[in-house]
Amino acid sequence: MLLFQGKQILSAIFDMDGTLFDTERLRFKTLKQASLEIFGKALSEDTLIGSLGLSATKAEALAKAHNGEDFPYAEIRKRADELELDYVRNHGVPIKAGLLEVLERLRKSGLTMAVATSSRRAIAEEYLINANVLKYFDITVCGDEVSQGKPHPEIFLKAARALNCEPGQCFMVEDSENGMLSAIHAEGQAILIEDIKPPTPEIKAAALKAYRSMTEFLADLSECVPDLGMPELNESFPASMNQFRVGIHGFGAIGGGYLTQVFSHWDGYTRPCEIIAATRSRMLRESVNAFGRYSVRYGATSFDQTIDNVRMIDMDDDDAVIGMYTTAEIIGLSLPEQAIRNQAKVIAKGLLQRFERRGRELTLLIVLNKVGGAAFVRRHVQAELALLCPPAIGQQVLEKTHFAETVVSRIVSKLSNDALVRQLRIKSQMFQNSLEDEPAVATKASTPLPEYERLIGRFRPFAQPSSAMSQLHLILFNSEPDMPLYVEHGSDLLERLRQVKTVPDITQIQVIKNRLWNGPHAIVAWYASLLGHDSVGQGMGDARVSELAERLIRQEVGPALVAEYPQMAEVVSQFADTFLERCTTSFKDPCARVGRDPLRKLQRNERILSSIDLARKHGIGTPALAFGAALAIHHALHCKDDKALEAQAIRQVYRENDASVEAVLTHDIDCNGKRFPGLDPIRDAQLITVISDAFRQYSQRDVATRLNDLCIGA
């Protein structure tokens, strides 16, 4: 039972064409074509619109009134049926947006359901089966099974009786004027979903509720069904798929290991039919596409969660990325700042093509560890749109795009390429043992393939259909279990996503999370790495590292945040507890990954130095944070990764200035095409001195020294 607009609803009866399916336009096209073929003249728009919701008999009478008594309507209708069926069998039934989510909510609310359509049973059943929605309906009443067609109420009354329900307790969902009259005369709870021809104002006023689209009905319906709440970690994704596609622009730790889960849970009733994910990693693309799925491992609970229906595309393939922006309902953008700058042009092209072809809104989830990340992305996209289209068009494109600011409450790490190859090697042997004959993989003898390509080649021919493949899955990410994705209000779609927690102002949550997690996380990783530990979890087993982490969170960053945002004290405490707990168990969180980009992390308005400023504003000492800034330079000097450009830049400045820490802190460093301005030698003199002293105190003979000793006088 459902309580809707003060009415008790036990059943729902749906018209089919124009209500469930977007077939009225298709029907107009096929009737025109059939009439042109047989009669030599296409049916007029007036005739077609006038016949909406009519029985075949009344539609024939209208067509003859407009075209003469010799008009071969029956023959034309039969030919139009053939053309329409041919289209549907080749392209599928066009389902109304939001329909599957509506049907799932109604069914899970305990309603019985029926279809009441003017179409013949042979046509109706083929369409319902083709669209995979027949499973939702208990009965189907068709036009060839009633003596009087719409606007007579017979068909709705017959459906209500078959459901053992009083008409007044039935939704009767229609799109046409004749259909609405049929529902109103049946004394049902008429719901109007407008299609081609809106009914008159009088008929609209007689409806229980009138909507411009199925998604508007869905929004009202969602308010009446129970709130499913945040999903449990091991809760299954919805079995039913809707017609939406979603995108992941940046298949890194958060994009692939977290946003895909958010999208797979969707609204708790259905999930997207496809996740399109863009990455530059050829190994990841080919691995996921070969298996058709991958898994995220939650070590703390020994749970592997499988993400399926994923299609990987190349981020450097502009056409593929533009296609993702054109077709997806929502896209998670999870890229670093420089990559966003580089991708802004293709994003702008995708948004422009979407606007030109579909005119539909798009929600962009911006996952960027940066306050004002959504504005940052919007600004760069807007600049590229200005080069692609007139200002008025660019403004309309931006108005159709919701740039949603987010805060991620989870730590995720991506497995290394070496770990992925090891998995492929082991699973290749398992797969080979499960088959009698391994498929031959064509290769050029003169061009040996990398090992991962040879291994993937064994799986590719069996990707989706194979029962053997269903037993194999790749672990690509290690993750902590926290669920909510915090997003600022603004998009109706976001209010429906089950794993999303919308808030009116996300800035405070961003600041709290960034200050408590990102800066301290990097400091812990730098210290653990310098002490010889590979992962954050291993480092936390060292009393020196755990003491530093506790001091950072409990005595400096946490108290500074509470002083700044006293109303958020509970949130600060929760984030602090979660951070320390996670660090202790992060055995698969490499120090090298967490501690990358030391130059960016030492910027004036970034994680570490901005926390020092905030603490000093409230009279709180910061010896641990100053020590952390010194560790960033030590980490860069000891870093052996040839790809760590920021560490190389720090080393170069340090060596060119006679091993001067002050030079590193105050130098305007250019790295990878980006300028990193240093501290001001005069204004920041005290801070420079404190960090420099902490740097000098940390030496080989001090490795075993406690933090309290290292920070004396800091």
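Heavy atoms only: backbone and side chains are in, while hydrogens, waters and symmetry mates are out.
- Side-chain contact, Thr363 with Glu329: no donor N or O sits under 3.5 Å from an acceptor N or O.
- Between the side chains of His249 and Gln343, a donor-acceptor pair is found at a separation under 3.5 Å.
- Judged by distance alone, the side chains of Tyr127 and Glu84 do bring a donor and an acceptor atom under 3.5 Å apart.
- Using bins of under 30°, 30° to 60° and over 60° for the plane-to-plane angle, the ring pair Phe4/Phe217 lands in the perpendicular bin.
- Applying the ring pair (Phe, Tyr, Trp, His ring centres under 6.0 Å) criterion to Phe28, with sequence neighbours excluded, gives no partner residue.
- With ring centers used as reference points, Phe14 lies 6.0 Å or more from Phe171.
- Proximity of a side-chain donor or acceptor of Ser213 to a complementary backbone N or O of Glu216 within less than 3.5 Å is detected.
- Taking Phe156 as the reference, nothing meets the ring pair (Phe, Tyr, Trp, His ring centres under 6.0 Å) condition, with sequence neighbours excluded.
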As a quick check of understanding, evaluate salt bridge (charged side-chain N to carboxylate O under 4.0 Å, His left out) for Asp86 and Arg89, giving each step before the final call.
CA-CA 5 Å; Asp86 183 63; Arg89 287 167 179 170; over 6 Å; no
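- In this model, no donor atom of one side chain and acceptor atom of the other lie less than 3.5 Å apart for Ser118 and Asp17.
- Between the side chains of Glu154 and Ser147, a donor-acceptor pair is found at a separation under 3.5 Å.
- In this structure, a donor-acceptor pair under 3.5 Å is absent between the side chains of Asn178 and Ser176.
- Residues Gln508 and Gln567 bring a donor and an acceptor atom of their side chains to less than 3.5 Å of each other.
- A salt bridge does not link Lys204 to Glu177: none of the charged nitrogens lies less than 4.0 Å from a carboxylate oxygen.
- Gln510 and Tyr486 are not linked by any side-chain donor-acceptor pair at a separation below 3.5 angstrom, with hydrogens and angles left out of the test.
- Side chains of Thr19 and Asp175: a donor on one and an acceptor on the other come within 3.5 Å.
- With hydrogens and angles disregarded, a donor-acceptor distance shorter than 3.5 Å links the side chain of Arg107 to the backbone of Leu111.
- For Lys78 and Glu75, the salt-bridge test fails: no basic side-chain N is under 4.0 Å from an acidic carboxylate O.
- Neither side chain, Ser240 nor Thr270, offers a donor N or O lying under 3.5 Å from an acceptor on the other.
- Arg121 and Asp144 are not joined by a salt bridge, as no carboxylate oxygen comes within less than 4.0 angstrom of a charged side-chain nitrogen.
- Ring orientation note: the planes of Phe237 and His265 are nearly perpendicular, at an angle over 60° on the 30°/60° scale.
- Of the charged side-chain nitrogens involved, at least one lies within less than 4.0 Å of a carboxylate oxygen, so that Glu174 and Lys150 count as a salt-bridged pair.
- With sequence neighbours excluded, no residue satisfies side chain to side chain donor-acceptor pair (under 3.5 Å) with Lys349.
- Considering Leu218, Leu192, Ile193 as possible partners of Tyr211, the one that fulfils the side chain to side chain contact (heavy atoms under 4.5 Å, CB included) test is Ile193.
- His66 and Phe71 have their aromatic ring centers separated by at least 6.0 angstrom.
- No side-chain donor from either of Trp266 and Gln499 sits under 3.5 Å from a side-chain acceptor of the other.
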